[in-house]
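Everything on this sheet refers to the single structure shown next.
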Amino acid sequence: MNERNGLRYGLLGLGLVLLIGLLALIASRSAQAPAPATEPAAQLQSLAALNGQAPSRRTLEIQQWQTAEGAKVLFVEARQLPMFDLRLTFAAGSSQDGGAPGLATLTNAMLNEGVAGKDVSAIAEGFENLGAQFGNGAYRDMAIASLRSLSAPAQREPALQLFAQVVGQPTFPEDSLARIKNQLLAGFEYQKQNPGKLASLQLFERLYDDHPYAHPSEGTERSIPAIGSTQLRAFHARAYAAGNAVIALVGDLSRAEAEAIAAQVSAALPKGPALPRIAQPEEPTAGPSHIEFPSKQTHLLLAQLGIDRRAPDYAALMLGNQILGGGGFGTRLMEEVREKRGLTYGVYSGFSAMQARGPFMINLQTRAELSQGTLQLVQDILREFIAQGPTQKELDDAKREMLGSFPLTTASNADIVGQLGAMGFYDLPLTYLDDFMAETQALGVEQVRAAMARHLDVNKLVIVTAGPTVAQQPLPPPTAKPAERPAGPPEH
């Protein structure tokens, strides 16, 4: 289940408490402020002043340690706002479901449904009254739980106490379990009317076969009804153990305060070690398959096994994919498929680098009568890119775009805490952010081409299409002004 945080806990309450906290902080700091310095304060840079250079990004001083129970902690002190962000990342995603698809999602969804003495409403009100936000989510590799709160002790301490209860001692009430199961089952019914989702489900089944990544994170209509609260408690005790956790902290905290928070949260979790890493998948059987579906458009999904998160070619592949189809308008795929021929509203490619080899995927949808020609065109574009690589101009443009957008990855405390969680979960070095940018900026055309050729092969593509079987028409020739532009966003 996706993030279940935010708005339902009341942004109004959060805004009021934040305003009060900020006013109090400003008043106290104004009273203690020294005389103005002679050097002017930092100001926003204008685009003209940048003179074509990328804007500067925040330099992070990341501190790392381990709690007594074995949780890994990454901390960045950020005093700009009287708040802090806390994120726990567990190796507790659907790849740990075993024989019960959906177990990880249900466990995570049930965290804030009940603790001793409090039901789901009381928990929500508890966070809201403190101006705090709770968030959670479960995915294939990981599950997360997060807290945003004011850093003043009067708000911080009760928010942390409630958070520690929710993550460490959930009660998994039966009425909540029944409700969430019904929500998931209703979602499965909706999926049957969504050709894109049906194609994605079949793609992962074919790509991963009996590997833990094969089944959807939310489970299936067959698996969900059989999962009971006893299984949830057992999964929680094993997968939400302190030794299986990464604690990321960013905000208006001292090192001593961060250590105390990490120790409090770690001690509240079940005791236990980190779970073993997921095994690498076997190569799938390549080739096409089709899902018959009555619609005007056909969904096209092309995929093969990509890389894991620690692959040496990660930077080169990210840069290469930015040129191929990961950067929106201006990519090879968008230029050839949309701009020159008007065959689709959008076409995208991407590597999902995970704990084990995640998928490389290209996805689009097009008019049903042009689907076979469009599929062949996409394969031809990919084949040419693998063989020849990017042009020097494409590479320079992609580097400039990446250099300009990269500061956004650390633009807010929420962005930073997400980066820290991923760095800890995938065992990346503390210098990862700087290393990644330095590596991408140093890459040449041949290095990018060679990396793409090492990891991609058109003959290994698993292809799934979903749409009607209709007579096919030839593709229109490429032109600066396609005769028929896509009418609107893709169907879902």
Side-chain angles (χ1 to χ4, degrees), residues 195-196 199 286-288 290 295-304 317-351 360-402 445-446 448-449 451-453 455-492:
H290 179 71
S295 59
K296 293 183 179 180
Q297 293 193 316
T298 295
H299 289 255
L300 308 176
L301 277 69
L302 306 83
Q304 67 176 85
L317 295 174
M318 294 302 106
L319 188 59
N321 181 70
Q322 182 84 358
I323 299 164
L324 173 63
F329 287 99
T331 65
R332 286 275 187 99
L333 287 169
M334 284 288 268
E335 282 291 315
E336 295 296 329
V337 182
R338 174 187 162 119
E339 295 304 309
K340 292 183 179 180
R341 294 174 175 85
L343 297 173
T344 186
Y345 185 79
V347 52
Y348 308 96
S349 67
F351 287 91
F360 166 79
M361 189 181 303
I362 299 174
N363 68 85
L364 70 155
Q365 59 189 89
T366 189
R367 297 192 298 278
E369 66 273 14
L370 299 175
S371 57
Q372 290 303 310
T374 302
L375 177 61
Q376 186 61 54
L377 174 63
V378 169
Q379 293 178 85
D380 290 343
I381 295 168
L382 177 59
R383 183 180 291 106
E384 180 183 2
F385 192 76
I386 293 170
Q388 299 180 10
T391 65
Q392 186 63 53
K393 182 181 185 305
E394 285 176 324
L395 186 66
D396 292 343
D397 289 346
K399 286 183 180 181
R400 191 178 303 110
E401 182 179 353
M402 189 170 284
V445 167
E446 178 54 30
V448 172
R449 187 208 65 78
M452 298 293 279
H455 296 277
L456 297 180
D457 184 346
V458 176
N459 296 321
K460 292 184 177 180
L461 287 173
V462 173
I463 300 169
V464 178
T465 59
T469 299
V470 297
Q472 293 295 294
Q473 298 178 6
L475 294 187
T479 174
K481 294 182 178 179
E484 185 175 348
R485 286 282 184 176
E491 299 171 358
H492 294 291

>> Does Thr366 form a side chain to side chain contact (heavy atoms under 4.5 Å, CB included) with Val337? I'd like the steps, not just the answer.
In response: CA-CA 10 Å; Thr366 189; Val337 182; over 6 Å; no
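- Minimum interatomic distance between Gly320 and Val448 (heavy atoms only, all atoms of both residues): CA-CG1, 3.6 Å.
- For the atom pair Lys340 NZ and Leu377 CG, the distance stands at 10.0 Å (nearest 0.5 Å).
- Of the possible donor and acceptor atoms, none in the side chain of Gln388 sits under 3.5 Å from a partner among the backbone N and O of Ile386.
- Annotation: side chain of Val378 is in contact with side chain of Leu364 (closest heavy-atom distance under 4.5 Å).
- Taking each heavy atom of Gly467 and Ser295 in turn, the nearest pair found is CA-OG, 4.0 Å.
- Residues Leu375 and Leu302 have side chains in contact (heavy-atom distance under 4.5 Å, counting atoms from C-beta outward).
- Proximity of Leu317 to Met452: side-chain heavy atoms (C-beta onward) are separated by under 4.5 Å at one or more points.
- Put simply, CG on Asp457 and CZ on Arg383 are 9.0 Å apart, with the number rounded to the nearest 0.5 Å.
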>> Please determine whether salt bridge (Lys or Arg N to Asp or Glu O under 4.0 Å) holds for the pair Arg332 and Glu335, giving the CA-CA distance in whole Å, both sets of side-chain angles, and the decisive distance to 0.1 Å.
In response: CA-CA 5 Å; Arg332 286 275 187 99; Glu335 282 291 315; over 6 Å; no
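- Between His290 atom NE2 and Ile463 atom CD1 the span is 13.5 Å, to the nearest 0.5 Å.
- From Leu456, atom CG reaches atom CG of Leu324 across 8.0 Å, with rounding to the nearest 0.5 Å.
- Here the side chains of Ile362 and Leu461 are not in contact, with every heavy-atom distance at 4.5 Å or above.
- Here the shortest heavy-atom pairing between Pro390 and Arg449 reads CD-N, 4.4 Å.
- Atom CZ of Phe329 is separated from atom CZ of Arg338 by 4.0 Å, given to the nearest 0.5 angstrom.
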>> side chain to side chain contact (heavy atoms under 4.5 Å, CB included) for Glu384 and Asp380? Distances and angles first, verdict last.
In response: CA-CA 6 Å; Glu384 180 183 2; Asp380 290 343; over 6 Å; no
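- Residues Lys460 and Gln304 share a closest heavy-atom pair of O-CB, 3.8 Å.
- The shortest distance between side-chain heavy atoms of Phe385 and Ile323 falls below 4.5 Å.
- Between the NZ atom in Lys296 and the CD atom in Glu369 there is a gap of 10.5 Å [rounded to 0.5 Å].
- Nearest heavy atoms, Gly373 versus Leu475: O-CD1, 3.2 Å.
- Side-chain contact check for Gln365 and Gln297: at least one donor-acceptor pair (N or O, by modelled atom type) lies under 3.5 Å.
- In this structure the side chain of Thr344 never reaches within 4.5 angstrom of the side chain of Thr374, judged on heavy atoms.
- Closest of all the heavy-atom pairs between Thr465 and Thr298 is CB-CG2, 4.1 Å.
- Screening Gln392, Lys399, Arg400 against Asp396 for a side chain to side chain donor-acceptor pair (under 3.5 Å) leaves a single residue, Gln392.
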